[in-house]
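The block underneath contains the structure these notes are about, expressed in structure tokens.
For this chain, numbers begin at 1 and follow the sequence in order.
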Amino acid sequence: MVGEEGAFVLGWDEVLTEEELSVTLKVLCMSEEEFKEYKEQDGWEDDSEEEENSTLSNEALSRLKPPCKKLLYDSVLLTLESYRSDLKTEQDLLNNKEAYEKLSRREQQALHVRYGQKRILHQLLELVG
């Protein structure tokens, strides 16, 4: 469902792997009975037109049903826990010119990437929290 990497791609304004996230949330938020019915009715095909017309923008994410919001919120928390440092630590390092300049070019680039990822994840927490 989520491809080989098992991850979703989020941007500042929307989910870039929206189809995968939509289907995953739909399935994970179904009861066992709903899932059986959905599968028996070949629901995977029936919803393709509906999903094509909806994008998972930040606004749409904030309007998700509570169980889906909770699932996303908990997933984001788990993802943030996988980092060795928090957003504030990264921001402090970026703001400390002396410490930042001691980093290698590669470490500086990695810091910017981690900081950007964490900001997007924190934004998602606010949207679904």
Side-chain angles (χ1 to χ4, degrees):
M1 225 178 330
V2 293
E4 293 177 19
E5 304 202 8
F8 302 105
V9 181
L10 306 170
W12 283 110
D13 301 318
E14 64 187 17
V15 176
L16 302 176
T17 54
E18 63 185 300
E19 183 179 345
E20 292 89 345
L21 182 58
S22 257
V23 171
T24 301
L25 287 174
K26 180 181 269 188
V27 169
L28 292 176
C29 291
M30 286 179 177
S31 68
E32 185 177 344
E33 187 176 305
E34 289 171 325
F35 177 72
K36 284 179 184 176
E37 184 179 315
Y38 190 69
K39 193 173 161 184
E40 286 171 5
Q41 294 179 0
D42 291 327
W44 310 109
E45 299 297 324
D46 296 343
D47 290 345
S48 60
E49 188 176 310
E50 174 188 318
E51 288 173 8
E52 281 177 21
N53 295 329
S54 66
T55 60
L56 281 179
S57 65
N58 287 348
E59 185 181 329
L61 287 170
S62 67
R63 292 190 318 254
L64 287 172
K65 294 178 183 176
C68 292
K69 285 174 124 178
K70 171 101 172 91
L71 182 61
L72 261 181
Y73 188 88
D74 291 346
S75 298
V76 170
L77 288 180
L78 283 172
T79 301
L80 286 169
E81 287 175 12
S82 71
Y83 287 98
R84 292 185 181 153
S85 60
D86 61 10
L87 181 66
K88 183 173 179 349
T89 302
E90 305 289 9
Q91 190 169 20
D92 290 346
L93 186 53
L94 283 167
N95 291 333
N96 183 336
K97 188 175 180 179
E98 187 178 311
Y100 180 79
E101 289 177 355
K102 289 181 182 178
L103 298 175
S104 70
R105 181 75 178 131
R106 187 174 188 175
E107 290 170 324
Q108 290 174 354
Q109 290 172 338
L111 174 63
H112 284 282
V113 169
R114 283 191 316 271
Y115 180 68
Q117 291 171 340
K118 290 175 188 176
R119 284 188 56 209
I120 289 172
L121 291 169
H122 278 272
Q123 176 181 291
L124 183 56
L125 282 179
E126 289 179 22
L127 290 169
V128 299

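Checked against side-chain hydrogen bond (donor to acceptor under 3.5 Å, both in side chains), Lys97 has no partners two or more places apart in sequence or in another chain. Residues that satisfy the side-chain contact (heavy atoms from CB on, under 4.5 Å) test with Ser62, not counting sequence neighbours, are Leu127. Residues meeting the side-chain contact (heavy atoms from CB on, under 4.5 Å) test with Lys102, sequence neighbours left out: Glu98. Checked against side-chain hydrogen bond (donor to acceptor under 3.5 Å, both in side chains), Asp86 has the following partners two or more places apart in sequence or in another chain: Thr89. Under the side-chain contact (heavy atoms from CB on, under 4.5 Å) criterion, Arg106 pairs with Ser104, sequence neighbours left out.
Cluster membership check: Ile120 shares its hydrophobic cluster with Leu25, using side-chain heavy-atom separations under 4.5 Å among Ile, Leu, Val, Met, Phe, Trp and Tyr. Under the 4.5 Å side-chain heavy-atom criterion for Ile, Leu, Val, Met, Phe, Trp and Tyr, Leu94 and Leu87 are members of the same hydrophobic cluster. Note on Leu80 and Leu93: separate hydrophobic clusters, where clusters join Ile, Leu, Val, Met, Phe, Trp and Tyr whose side-chain heavy atoms are under 4.5 Å apart, directly or indirectly.
When atom types are taken as modelled, the side chain of Asn96 and the backbone of Asp92 share no donor-acceptor pair closer than 3.5 angstrom.
The salt bridge (Lys or Arg N to Asp or Glu O under 4.0 Å) analysis of residues 72-85, with sequence neighbours excluded, yields the pairs Lys70-Asp74. The ring-ring contact (aromatic ring centres under 6.0 Å, His included) contacts involving residues 62-82 comprise nothing, where partners must be two or more places apart or lie in separate chains. Pairs engaging residues 77-99 under the ring-ring contact (aromatic ring centres under 6.0 Å, His included) rule: none recorded [sequence neighbours left out]. Residue pairs meeting the ring-ring contact (aromatic ring centres under 6.0 Å, His included) criterion with at least one member in residues 106-129, sequence neighbours excluded, are Tyr100-His112. Residue pairs satisfying the salt bridge (Lys or Arg N to Asp or Glu O under 4.0 Å) criterion with at least one member in residues 110-127, sequence neighbours excluded, are listed as follows: Glu90-Arg114, Glu90-Lys118.
Between Leu103 and Glu107 the shortest heavy-atom distance is CA-OE1, 3.4 Å.
By the 4.5 Å heavy-atom criterion applied to side chains, Leu21 and Leu72 are counted as neighbours.
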Distance-only donor-acceptor hits, side chain of residues 7-17, under 3.5 Å, sequence neighbours excluded:
residue: Thr17; atom: OG1; partner: Val9; partner atom: N; Å: 2.9

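To the nearest 0.5 Å, the span separating SG on Cys29 from NZ on Lys69 amounts to 12.5 Å. Note that OG of Ser75 and CG of Leu121 are 10.5 Å apart. Values are rounded to the nearest 0.5 Å. For the atom pair SG of Cys68 and CE of Met30, the computed distance is 9.5 Å after rounding to the nearest 0.5 Å.
Residue Leu78 is found outside any hydrophobic cluster, as its side-chain heavy atoms come under 4.5 Å of no other Ile, Leu, Val, Met, Phe, Trp or Tyr.
Each of Glu34, Glu40, Glu32 was checked for a salt bridge (charged side-chain N to carboxylate O under 4.0 Å, His left out) with Lys36, and the lone residue meeting it is Glu32.
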